[in-house]
Structures are given as C-alpha cells and as structure tokens.
**Student:** 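I'd like to ask some things about the structure below.
Atoms within each ligand, like the ligands themselves, are counted from 1 in listed order. Values in this document were obtained by computation on a predicted structure and should not be read as measured data. FYI, side chains are in, hydrogens and waters are out, and symmetry mates aren't considered; it's all heavy atoms of this structure.
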Amino acid sequence: MKSIYLTGFMGAGKTSIGHALGEKLGLAVYDTDSVIEGKIEESISGFFEKYGEADFRSLEERVLQELPVTDSIIMTGGGIIKRADNISWMKENGLMVFLYCDMEVVLQRLENDNTRPLIQQKSKEGIKALFSERLPLYKKAHITMDTSSLSILEAAEKLAVAIKSWHSGQH
Ligand code: S3P
C-alpha cells in the first residue's frame, strides 16, 4: 500500500491521529518533525533561531523524500505544503490527507504552546491569517477530513474507512 501523508495546520491532531491510525491499520508511523529533531539533535525552535525557516524547509523536504513511500503513515509538519515540490511528492508517491480542524479548536490547543516558532510572536488574528493563507495548499490533498468534533479514535476510525474507499477507487 502506498504511504499515507497526514497534513494540516499546527494543532490539528496529525500526530495523535497518525499514531492511532498506524495502530489500527498495522502500518509503520513516521513524523517528519521527530525525524528532523533526531538529525539536528536539538529542538525545532532552536534550529529556527539559529538557521531560520528556509534551512528548516530544505531539511524538511529532504526528510520527506527519505521516508518510505509504502506501508507507512507519515505525519508532516504544518508548513510542509509551503513547497510545491512537497505537495507533488506526497500526491505522486502516496495518499495526501488534509486534517482540517476549526480555528477555534486549534487556537485553544496552541494557547500555551512554546514549541512552535512560527506562532510565538503572533496574535490570534495572525495565526488565523497564516491558516487562511495555507488553506488552498492543504486543499490540494486527495482526501479532506474535518476532525473538529471527533475524538482521536473516532478520527482514526473515519480516516481508515476513507482511505480504504480511496484505495478501492484507484483500481
Ligand atoms: C510548522 C509546524 C510544526 C513544525 C514547525 C513549522 C509550520 O509542525 O514543523 O514548527 O510551519 O506550520 P506541527 O504542524 O506538527 O506543529
């Protein structure tokens, strides 16, 4: 089976849903941010501070291309869609999923977060604007699923059904 790429904004639940889905489908699970942190041996915010976003995006693109294109769930960082090549990679090599989540829910989850450099200096309006700017890019995914009112297990369950139906439509 082709790999499944989970995309979506920060705080949309990609990591938790990805782990639950991996367990459900019996697939290996990878998280681009964790793989990056393993390579750089420091936090992503530390890396952003020293080298900036452009270097992070290059690293992110390289990691995306190094991860398996079969039998895996790959959770991606919220900004992976900023590079058109990454969208093409995910769509050509696998199934790209957009996990949509209402901004009110996302903002609540991100309220006390200090691990995500791109929102540290931003107001709620600024975060909403970043989401709106990215929305057309997320929408390029093969499947969009609204997780706003779902528990992690419900989302994984619903996504598993959507993935199976997408795969059966491929033949
Ligand atoms: C980012 C999202 C983060 C991480 C980095 C940049 C973004 O991942 O890759 O801080 O640009 O949206 P999560 O979406 O897992 O928080």
**Student:** Side-chain contact test, heavy atoms from C-beta onward, threshold under 4.5 Å: evaluate it for I80 versus M90 and give yes or no.
**Tutor:** yes
**Student:** Answer yes or no: is there an ion pair linking R57 with E53, defined by an N-O contact shorter than 4.0 Å?
**Tutor:** yes
**Student:** For the residue pair F9 and C101, establish whether any side-chain heavy-atom pair is separated by less than 4.5 Å.
**Tutor:** no
**Student:** When you measure from atom 16 (O) of ligand 1 to every protein heavy atom, which one gives the shortest distance, and what is it?
**Tutor:** R116 NE, 2.6 Å
**Student:** Would you check whether I44 has a nitrogen or oxygen atom less than 3.5 angstrom from a nitrogen or oxygen atom of ligand 1?
**Tutor:** no
**Student:** Do N93 and Q65 come close enough that some side-chain heavy atom pair is under 4.5 Å?
**Tutor:** no
**Student:** Which atoms from ligand 1 have a heavy atom of F56 less than 4.0 Å away?
**Tutor:** 9 (O)
**Student:** Do T115 and ligand 1 have an N or O pair less than 3.5 Å apart?
**Tutor:** no
**Student:** For R134, which part has a heavy atom under 4.0 Å from ligand 1: side chain, backbone, both, or neither?
**Tutor:** side chain
**Student:** How close does the nearest protein non-hydrogen atom get to atom 7 (C) of ligand 1, and which residue and atom is it?
**Tutor:** G79 N, 3.3 Å
**Student:** Among protein heavy atoms, which lies nearest atom 2 (C) of ligand 1, and at what distance?
**Tutor:** G78 N, 3.4 Å
**Student:** Below 3.5 Å, N or O to N or O, backbone or side chain included: is there any such pair between F48 and ligand 1?
**Tutor:** no
**Student:** Under 4.0 Å from a heavy atom of L118: which atoms of ligand 1 are those, numbered in the order shown and with their elements?
**Tutor:** 7 (C), 11 (O)
**Student:** I'd like to know whether NZ of K91 has more than 12 heavy-atom contacts from other residues, nucleotides or ligands below 6.0 angstrom.
**Tutor:** yes
**Student:** D33 to ligand 1: N or O pair under 3.5 Å?
**Tutor:** yes
**Student:** When you compare the side chain of L107 with that of K128, does any pair of heavy atoms fall below 4.5 Å?
**Tutor:** yes
**Student:** For R109 and ligand 1, answer yes if some heavy atom of the residue is under 4.0 Å from a ligand atom, otherwise no.
**Tutor:** no
**Student:** Are any of the side-chain nitrogens in E154 or K158 under 4.0 Å away from the carboxylate oxygens of its partner?
**Tutor:** no
**Student:** Check the pair R83 / S58 against side-chain hydrogen bond (donor to acceptor under 3.5 Å, both in side chains), numbers first and verdict last.
**Tutor:** CA-CA 9 Å; R83 287 204 174 175; S58 300; 3.2 Å; yes
**Student:** Report the relative orientation of the aromatic rings in F47 and Y51; use parallel for angles under 30°, tilted for 30 to 60°, perpendicular for over 60°.
**Tutor:** tilted
**Student:** Examine the proximity of ligand 1 to K14 and report which part, side chain or backbone, both or neither, has a heavy atom under 4.0 Å away.
**Tutor:** side chain
**Student:** For atom 6 (C) of ligand 1, what is the closest protein heavy atom, and at what distance to 0.1 Å?
**Tutor:** R57 NH2, 4.0 Å
**Student:** Atom 10 (O) of ligand 1: which protein heavy atom is closest, and how many Å away?
**Tutor:** P117 CD, 3.5 Å
